[in-house]
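See structure below.
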Amino acid sequence: MKRYSMFAVAREGLNYHLGWGRAWRNPAPKKKYDVIIVGAGGHGLATAYYLGKNYGIRNVAIIEKGWLGGGNTGRNTTIIRSNYLQDPSAAIYEKARSLYETLSQDLNYNVMFSPRGLLMLAQTHHEVRGYRRTVYANNLQGVTTEWIGPERVKQIVPIMNIHGPRYPVLGALYQARGGTARHDAVAWGYARACSDMGMDIIQQCEVTGIRQVNGKVTGVDTTKGSIDCDKLGLVVAGHTSVLADMGGFRLPIESLALQALVSEPIKPCMDVVVMANTVHGYMSQSDKGEMVIGGGTDGFNNYTQRGSWHHVEETVRALVETFPMISRLKMLRQWGGIVDMTGDRSPILSKTPLGNCFVNCGWGTGGFKSIPGSGWAMAELMARGEPGPLTEEFSMYRFREGKFIDESVAAGVAH
Amino acid sequence: MLILECPCCGVKAEETELAPGGEAHLKRFGPGSSDADFDSYMFARANPKGVHFERWRHANGCGKWFLAARCTATLEVFGTYPAQTTEPPAELQAYIKSRRPEWEGYK
Ligand SMILES: Cc1cc2nc3c(=O)[nH]c(=O)nc-3n(C[C@H](O)[C@H](O)[C@H](O)COP(=O)(O)OP(=O)(O)OC[C@H]3O[C@@H](n4cnc5c(N)ncnc54)[C@H](O)[C@@H]3O)c2cc1C
Ligand SMILES: [Zn+2]
């Protein structure tokens with residue numbers, strides 16, 4: 001792998017930029033690996049990366065049925081924040097957010113982390129109370145957030161109409177170091193670093209079965225033949241139930257479509273991320289100038305990466321009231337991803353009923369922000385075989401025990 | 001756009017008229033059951049990629065619950081049927097089998 005730097009740009013410039021080489025190899029699968037990760041989204045790649053970096057486990061394959069980063073990792077609205085309510089969430093999301101701060105340097109790949117600040121608007125009295133409570137919780141957890149009033153909101157986001165009448169802005173939960181990053185670059189940066197450590201990223205290869213002997217996993221069947229492994233990590237977001245079915249167990253997960261859309265590019269008009277949870281609308285401006293908008297999920301099970309039209313309509317209708325100027329914007333593209341929802345809106349990082357098989361899923365509508373922390377924690381879980389401090393609360397068995405990590409009250413939808 | 005025919009009132013309802021209610025034909029395990037049975041009934045879901053039986057309510061219509069068979073991989077609707085059943089009607093199962101020969105059948 002060639003290190004990227006200013007000197008490298010200059011050096012390669014002398015050679016008409018023909019000498020860069022590929023960022024990752026495209027290997028054929030070996031017969032056996034120590035660890036196989038299914039799913040080359042951000043979470044799968046980050047898991048592999050920290051297995052190598054933190055635990056020296058490098059005989060690893062990451063198997064992807066499409067192309068790496070082509071799932072939800074390449075389809076999300078890239079919001080990064082850690083202002084969750086419950087302590088276990090704050091721990092893992094803040095770990096992730098803090099890893100984002102130096103991720104470009106760590107990976108030698110520009111992930112364009114932009115901690116531009118993030119506002120969660122309170123547009124009902126219920127939300128005012130909820131977010132003030134979150135601020136107190138965050139202060140206790142060591143996550144820096146503050147409650148700000150409507151005038152301050154207007155100062156930070158001049159294009160916002162704070163007076164309603166339907167959705168007045170009563171204040172906001174403000175996380176100054178929240179923001180965005182380039183989603184593709186996060187996947188590409190981790191992929192390049194994994195490949196550089198000697199790991200095999202095998203794309204266009206679907207896992208079709210999980211092989212087991214005496215209740216322990218021994219390998220996987222794929223469209224490129226069967227591959228053996230000692231440990232298996234399932235990190236496939238919307239397809240988790242399908243893989244769990246191959247492994248012979250069920251999970252508290254339902255797959256739903258979530259949509260996003262972007263406008264034509266316009267001049268810079270909003271330099272923070274705004275989330276309006278009451279109306280299920282989220283907006284930020286990309287570096288290209290597009291307004292990036294996310295909406296709500298459909299209510300019914302779906303694997304098609306296509307969502308229902310009325311959700312787009314509802315999102316845009318509500319945002320137009322809060323941001324009158326966007327009513328004249330043309331929307332350029334709209335797409336969907338299949339999100340893996342749990343009942344308490346918190347993820348699952350867990351051992352499974354199948355020995356040596358681990359699962360990382362349930363990030364639902366909000367797992368881009370957590371990629372580095374989730375990979376860090378999942379690597380620990382897989383390397384040690386037992387949960388560590390970041391994962392112990394996120395077991396798949398917490399439902400049976402009634403130990404929910406309830407984030408659905410904190411944010412109706414959690415991007 | 002999802003359109004389901006309500007078997008209670010016969011209206012072909014578009015999805016904004018309907019409220020989804022999740023997986024159908026769950027066997028209820030209440031007080032006195034084992035933890036594993038309760039956990040499985042209360043939380044675990046099949047969530048298949050393919051044929052799915054589910055509950056719907058004609059919320060902005062006649063207000064009644066009914067059941068539907070749908071393909072989650074294509075959004076094809078196989079049919080709807082009354083909620084007062086413990087498993088999908090035989091004709092509906094046969095129809096699904098004709099549309100999806102690889103379907104393992106209702107379990
Ligand atoms: C529209 C939208 C907006 C969002 N906005 C935000 C946001 O603003 N902020 C935020 O934090 N999060 C957001 N999210 C959520 C976030 O995108 C996801 O939680 C996160 O990307 C999940 O990453 P992942 O690596 O787990 O899954 P993915 O990126 O989906 O990767 C899973 C991979 O597994 C592969 N796979 C599946 N089955 C198999 C198989 N059988 N064999 C091999 N490979 C398989 C898939 O092809 C896929 O590439 C949003 C999601 C969507 C859809
Ligand atoms: Zn009806």
Side-chain angles (χ1 to χ4, degrees), chain A residues 65 206 208 236-246 248-257 296-314 317 336 338-344 346 348 352-353 359 361-362 364 395-404, chain B residues 1-4 13-27 29 31 33-60 65-78 80 100 102-105 107:
Chain A
K65 78 175 156 88
E206 181 168 354
T208 53
V236 291
H239 280 78
T240 301
S241 301
V242 177
L243 271 290
D245 190 44
M246 294 175 197
F249 56 94
R250 292 198 304 165
L251 288 163
I253 295 273
E254 305 219 50
S255 298
L256 309 176
T297 45
D298 290 350
F300 55 87
N301 299 45
N302 183 351
Y303 281 86
T304 64
Q305 296 185 327
R306 270 198 320 265
S308 298
W309 171 250
H310 67 95
H311 278 294
V312 176
E313 208 178 357
E314 281 157 18
R317 190 165 62 208
I338 298 306
V339 295
D340 39 338
M341 304 298 283
T342 59
D344 61 359
S346 286
I348 293 173
T352 67
V359 67
C361 65
S395 152
M396 64 179 273
Y397 302 109
R398 70 172 182 269
F399 296 90
R400 179 162 81 197
E401 290 156 16
K403 289 169 73 179
F404 310 115
Chain B
M1 177 177 296
L2 186 63
I3 296 173
L4 299 176
E14 177 269 322
E15 63 180 282
T16 57
E17 210 172 310
L18 301 163
E23 190 175 327
H25 304 303
L26 292 174
K27 178 166 172 358
F29 286 91
S33 59
S34 74
D35 280 3
D37 281 343
F38 182 73
D39 180 40
S40 156
Y41 148 68
M42 193 69 190
F43 302 110
R45 293 293 175 262
N47 190 24
K49 183 174 186 172
V51 180
H52 191 226
F53 300 97
E54 54 198 16
R55 308 164 71 223
W56 286 86
R57 196 167 81 86
H58 193 184
N60 295 321
W65 285 95
F66 64 91
L67 305 180
R70 229 169 30 88
C71 176
T72 62
T74 62
L75 302 188
E76 176 177 353
V77 176
F78 301 118
T80 56
R100 295 281 183 285
E102 73 290 353
W103 180 50
E104 286 167 3
K107 21 179 191 333

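As the structure is a computational prediction, the values presented were derived from the model and not from experiment. Letters A, B, ... mirror the listed sequences (proteins, then strands); counts begin at 1.
The shortest distance between side-chain heavy atoms of A/Y303 and B/N47 falls below 4.5 Å. B/L75 has its side chain within reach of A/R306: a pair of non-hydrogen atoms, C-beta onward, lies under 4.5 Å apart.
Interatomic distance, B/C71 SG to A/N302 CG, rounded to the nearest 0.5 Å: 10.0 Å. Distance CG/A/D298 to CD/B/E15: 6.0 Å, rounded to 0.5 Å. Taken from OG1 in A/T304 to NZ in B/K49, the straight-line distance is 10.0 Å, to the nearest 0.5 Å. B/M42 contributes atom CE, which lies 15.0 Å from atom CZ of A/R400 (distance to the nearest 0.5 angstrom). One distance of note links NE2 of A/H311 with OG1 of B/T16; it measures 10.0 Å at 0.5 Å rounding. To the nearest 0.5 Å, the span separating NE2 on B/H52 from CD on A/E254 amounts to 6.5 Å.
With a threshold of 4.5 angstrom between heavy atoms, A/L251 approaches chain B through N, CA, C or O but not through any side-chain atom. If you measure heavy-atom distances from B/L2 to chain A, the contacts under 4.5 Å come from the side chain alone.
Below 4.5 Å, heavy atoms of chain B meet heavy atoms from A/H239, A/S241, A/V242, all part of residues 238-246 of chain A.
The choice from B/E23, B/E14, B/R70 that makes the most heavy-atom pairs within less than 4.5 Å of chain A is B/R70.
Taking every heavy atom of both residues into account, A/R250 and B/S40 meet most closely at NH2-OG, 2.8 Å. Taking each heavy atom of A/F399 and B/F43 in turn, the nearest pair found is O-CE1, 3.3 Å.
The environment of CD in A/E401 is crowded: more than 12 heavy-atom neighbours from other residues, nucleotides or ligands sit within 6.0 Å.
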